[in-house]
Every structure is written in structure tokens, then in C-alpha cells.
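Single-structure report; data block below.
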There are 2 protein chains.
Amino acid sequence: MFTLAEENYLKTIYHLESLFGEGVSTNAIAEKLETKPSSVTDMVQKLADKKLLTYIKYKGTSLTDLGKKEATNIIRKHRLWEVFLLEKLQFQWHEVHEIAEQLEHIQSEELVDRLDAFLGYPTTDPHGDPIPDKNGYFKATDKKLLASMKVSEQGICVGVKDSDDEFLKYLDKKNIAIGSMITLLAKEDFDHSLHIKVDDHSFFITKAISENLFVKSHESE
Amino acid sequence: MFTLAEENYLKTIYHLESLFGEGVSTNAIAEKLETKPSSVTDMVQKLADKKLLTYIKYKGTSLTDLGKKEATNIIRKHRLWEVFLLEKLQFQWHEVHEIAEQLEHIQSEELVDRLDAFLGYPTTDPHGDPIPDKNGYFKATDKKLLASMKVSEQGICVGVKDSDDEFLKYLDKKNIAIGSMITLLAKEDFDHSLHIKVDDHSFFITKAISENLFVKSHESE
DNA sequence: TTATTATTTTAGATTTGTCTAAAAATATTT
DNA sequence: AAATATTTTTAGACAAATCTAAAATAATAA
Ligand SMILES: [Mn+2]
Ligand SMILES: [Mn+2]
Ligand SMILES: [Mn+2]
Ligand SMILES: [Mn+2]
């Protein structure tokens with residue numbers, strides 16, 4: 001249906017739009033895709049011609065409903081493949097993203113449906129992100145940053161903000177995974193480091209870590 | 001490592017070379033890839049520069065060891081994915097080839113190794129073709145055409161020559177699959193049609209069918 | 001062996017997606 | 001408000017992979 005480049009643009013614009021709102025800037029897209037702004041302008045004009053997004057010169061772009069549908073479908077495929085790689089092929093959670101970047105472009109609706117069934121219709125990917133259904137629908141998980149927790153509050157780890165490779169490896173080393181029970185024992189006002197308990201043992205984490213981990217309040221279950 | 005187009009050329013040249021011998025003609029490649037001879041000349045010159053094949057103007061091309069290694073690796077991936085689609089996702093055998101055409105280009109050695117293990121190290125694909133190992137090695141199955149069997153001889157169906165969609169559907173309808181026991185009951189000299197018994201029930205097949213089905217003699221087990 | 005036909009290569013053009021350099025528009029300072 | 005800086009677009013070029021049309025070579029027939 002669409003080319004590899006077109007699909008990557010749609011996915012990127014979708015992510016930027018849900019983070020920063022409508023009217024995604026040319027530079028933001030260029031940075032995310034590691035390309036030049038001039039290339040982005042060209043492609044965005046082409047995607048506008050195809051009714052996948054609206055584009056106003058110097059004002060940025062926003063996906064149309066058609067563009068959003070296409071984007072969520074690619075994200076659906078990406079996340080289903082990530083589950084497959086982790087659950088069935090025993091990859092580690094920091095290894096799956098790169099391969100899913102390729103697999104997300106395989107064209108076959110039947111394949112995606114059967115993969116979904118084979119995996120038991122999962123609702124989140126290995127990083128805690130929701131998997132859209134066939135119609136692009138998914139419920140936004142009510143998560144908040146670990147940094148925003150109050151002392152003695154309990155939370156369940158539900159996802160990561162930036163799924164950077166090194167960060168995921170750090171989490172593995174510290175035995176923090178999706179589903180881990182995290183209790184905030186104390187906050188250090190000076191450097192905003194946190195003393196936390198994960199499942200059974202406790203340790204300290206920096207501010208940077210606490211701003212990259214999503215938790216769901218335990219009460220709000 | 002290589003582009004999608006380059007990989008498809010390598011795979012096609014490999015198949016043509018193993019069918020008709022060294023020195024594959026420009027026209028033969030063009031026909032298989034549904035492209036123009038002039039495009040083939042261009043690409044073949046590029047692949048020769050990259051030491052993947054030897055090319056002599058007007059004389060045809062032959063893969064180098066490097067080219068063969070690359071080609072068998074793509075074929076390995078193609079066939080492993082076909083097994084996955086059939087065994088794990090319950091696709092029918094005539095549906096798997098087209099999707100595998102896409103999946104064969106996914107780049108990740110680790111992925112192929114883990115897929116191989118996940119499938120239990122299969123040695124043949126759903127159409128009876130051997131799956132090369134990591135080094136490109138596979139044993140040529142000692143198969144022969146059903147058309148070459150003698151009356152009252154027994155054989156096990158081990159593969160198809162042309163895995164055309166309609167042909168595979170015909171086989172499904174007639175309950176002929178890899179592993180089916182086939183007995184040749186009688187030959188009709190006039191139109192070369194055959195009266196055969198498959199597992200339990202018997203029926204007639206045309207010459208065309210008999211020249212598209214591979215069997216392994218039952219004695220030679 | 002010469003003429004005709006078929007195959008293959010070259011030349012030049014096209015599409016897609018990218019780039020650099022320069023121009024235009026917008027945003028921020030002074 | 002004018003000057004400066006930043007962002008964005010345009011213009012022109014390029015590599016990859018393809019095409020058409022024409023030229024060159026090889027194979028076949030007369
Ligand atoms: Mn991912
Ligand atoms: Mn991608
Ligand atoms: Mn196949
Ligand atoms: Mn292919």
C-alpha cells in the first residue's frame with residue numbers, strides 16, 4: 001500500500017503528535033528520522049497529496065483520520081512482533097525493538113491477525129505500551145512517572161518512557177520489569193534521588209531513572 | 001548488507017543456475033523477475049563489481065562462492081518462515097510463499113537462529129524443499145517425478161516442482177500432501193494419464209500433474 | 001556465407017528518496 | 001521597530017532501480 005519511507009514518516013508523525021499535539025514541526029520530524037528538514041518538506045508534501053495528513057507551509061503537519069489509521073496499524077504490527085520476539089523467541093526486551101522496526105513493514109493483514117491470535121491477543125508490548133486493535137483503538141493506560149510518586153506509595157511498573165537500550169539493560173540488572181511492585185521509601189530533596197524497594201530488595205535510583213519509568217498506583221486497581 | 005533488489009537477483013540466479021547450469025542468460029533472469037533485460041544487465045554488472053557473481057558480456061553470469069552463500073542464506077530464511085507460517089500460524093501451504101517473499105529479507109542473524117530453534121530445526125519446507133543450514137549446506141533429496149514411476153511402484157510424496165497456487169489448491173482438494181503414500185495403479189499410454197491410489201482412495205490424474213509432483217521410492221528408505 | 005532473427009548491451013529518461021546550498025518566512029533580541 | 005537568529009522551503013544534484021529505444025553482438029536460416 002505505502003512505501004517503507006512513507007510508513008516510517010507516518011509512524012513518526014503519529015508519535016510526535018501524540019506527545020506534543022497537532023502541528024508537528026518539520027525539524028522535529030527530521031530529528032526523529034535522522035534526516036534533513038528539506039527531505040521532510042518533500043515527503044510531507046507528498047503525504048498531503050495522498051490525503052494522509054494536512055500540511056500548511058511553515059505551520060507544520062497533522063495526520064488525517066486516514067493517516068492515523070495507517071500509523072496505528074504500523075504500531076500495532078510493531079508491538080505484536082515485539083511480543084512475539086520476546087515471548088516465543090526468548091529475546092530480551094532491549095533487543096526486540098530494532099528487529100520489529102523491520103517486521104512492522106511486512107504487508108499481510110491475514111498474517112497480523114493470525115500472529116495476534118497465536119500470541120493470545122496481547123494488549124501491551126514488552127515495554128508496557130498498548131497494542132492497538134484492528135480498528136486502531138486502544139485504551140490509554142493511566143500511568144504516571146515514578147518521579148511523581150509520594151513517599152510510602154506503592155506502584156506497579158507498567159512501562160518505560162524512553163526505551164533506550166542502555167536504560168533497559170540497567171533495569172534488567174536491577175531486576176525491574178513490567179509488573180514489578182515498586183515502593184517509594186524515601187526522597188532526597190538535594191539531588192532528587194529516590195530510595196525504592198523493588199519486590200524484595202531496596203536500593204537507590206537517580207532522578208533520571210525515576211523520570212523514565214512509568215508506574216500505575218496500586219490503589220487504583 | 002544488500003538491498004532488496006540485490007537479494008532477489010541473487011536468489012533468482014541461484015535457482016536458475018541449479019536448474020540449467022552455469023552461465024545464466026540475461027533473458028532468463030529478466031523473465032523470472034518480471035523485469036526487462038536491460039535492467040538485468042545493469043544489475044548484473046553491479047553485482048559483478050561486488051564480487052557476488054562473474055559476468056562475461058553476452059555469455060551470461062554465474063554466482064561466486066560469496067554469491068552462493070548469500071543466496072542460500074536468503075533461501076534458508078524463506079523456507080524457515082514458510083515452516084513458521086504453516087506450523088505455528090496455521091496458514092495453508094499455498095499461502096505461505098508470498099508472505100515468505102517479504103520475510104526472507106528481514107536482517108538479523110540472531111532472529112533466524114532463534115526461529116530455527118523455535119521450529120525444532122526443520123530440514124524441509126512445506127513444499128518438500130530442503131532448508132540450508134547456517135553454512136548453506138543441505139542434502140539434495142533423492143526425489144523423482146511421479147511421471148517416472150513404474151506401475152505398481154509405491155512412493156512417498158516429498159515435494160512439488162512448481163508451487164503454483166492453483167496447483168497446490170488442487171492437491172489439497174485431492175488430499176495429496178507431503179508424506180502421502182502414492183501407489184501407481186495403471187498408466188494410460190494414449191494421454192499419459194495415471195490411475196493412482198493416495199493413502200486410501202484411488203483416482204485419475206493428468207500427465208501435467210504427474211510431472212509436477214516429486215516422490216521418493218518407498219524401497220529406497 | 002550472407003541474410004535474417006534473436007539476444008544482449010548501451011544511451012538516455014524517469015521515479016523515489018535523499019542531500020547541499022541558497023532563499024524565504026518566522027521568531028527572538030536588542 | 002529594526003536587527004539577528006532560527007526554522008522552513010526551494011532549487012538543483014545524486015544514487016538506486018527501473019524503463020524505452022536504438023545499437024551491437026550472437027545465433028540461425030537461406
Ligand atoms: Mn519498539
Ligand atoms: Mn520502520
Ligand atoms: Mn516459497
Ligand atoms: Mn524476495
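Hydrogens, waters and symmetry mates play no part in the numbers below; they use all other heavy atoms, side chains included. Every chain is numbered from 1, with letters handed out A, B, ... down the list of sequences.
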Could you tell me which residues satisfy salt bridge (Lys or Arg N to Asp or Glu O under 4.0 Å) with [X], sequence neighbours excluded, listed by chain and number?
| X | result |
| --- | --- |
| A:Lys169 | A:Asp165, A:Glu166 |
| B:Asp113 | B:Arg76, B:Lys134 |
| B:Glu87 | none |

Extract from the structure each pairing of a protein N or O with an N or O of nucleotides 22-27 of chain C at less than 3.5 Å, listing the distance.
| residue | atom | partner | partner atom | Å |
| --- | --- | --- | --- | --- |
| C:dA25 | O4' | A:Tyr58 | OH | 3.3 |

Report task. Could you pull out all residues at least two apart from B:Ser108 that satisfy side chain to side chain donor-acceptor pair (under 3.5 Å)? Result ->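 Per chain and number, B:Ser108 pairs via side chain to side chain donor-acceptor pair (under 3.5 Å) with no residue.
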
Could you list, one pair per line, each protein nitrogen or oxygen that sits under 3.5 Å from a nitrogen or oxygen of nucleotides 4-6 of chain C, together with the distance?
none

**Report entry** Sequence neighbours excluded, every pair satisfying ring pair (Phe, Tyr, Trp, His ring centres under 6.0 Å) that has a member inside residues 72-106 of chain A
**Finding:**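 Sorted pair list: A:His78-A:His97, A:Trp81-A:Phe84, A:Phe84-B:Phe84.
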
Show every salt bridge (Lys or Arg N to Asp or Glu O under 4.0 Å) that has at least one partner inside [range], sequence neighbours left out.
| range | value |
| --- | --- |
| residues 12-33 of chain A | none |
| residues 88-105 of chain A | A:Lys11-A:Glu101, A:Lys11-A:Glu104 |
| residues 57-70 of chain B | none |

**Report entry** Side-chain N,O (A:Gln45) to OP1/OP2 (D:dT9) below 4.0 Å
**Finding:**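 Checking A:Gln45 against D:dT9: no side-chain N or O falls below 4.0 Å of OP1 or OP2.
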
**Report entry** Contacts of type side chain to side chain contact (heavy atoms under 4.5 Å, CB included), residue A:Gln45, not counting sequence neighbours
**Finding:**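 Testing A:Gln45 for side chain to side chain contact (heavy atoms under 4.5 Å, CB included), a comparison that skips the adjacent residues, returns A:Thr41, A:Asp42, A:Tyr55.
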
Query raised in the report: Listed in order of residue number, which residues of residues 29-37 of chain B have a non-hydrogen atom at under 4.0 Å from DNA chain D?
Result: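 DNA chain D contact set from residues 29-37 of chain B: B:Thr35, B:Lys36.
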
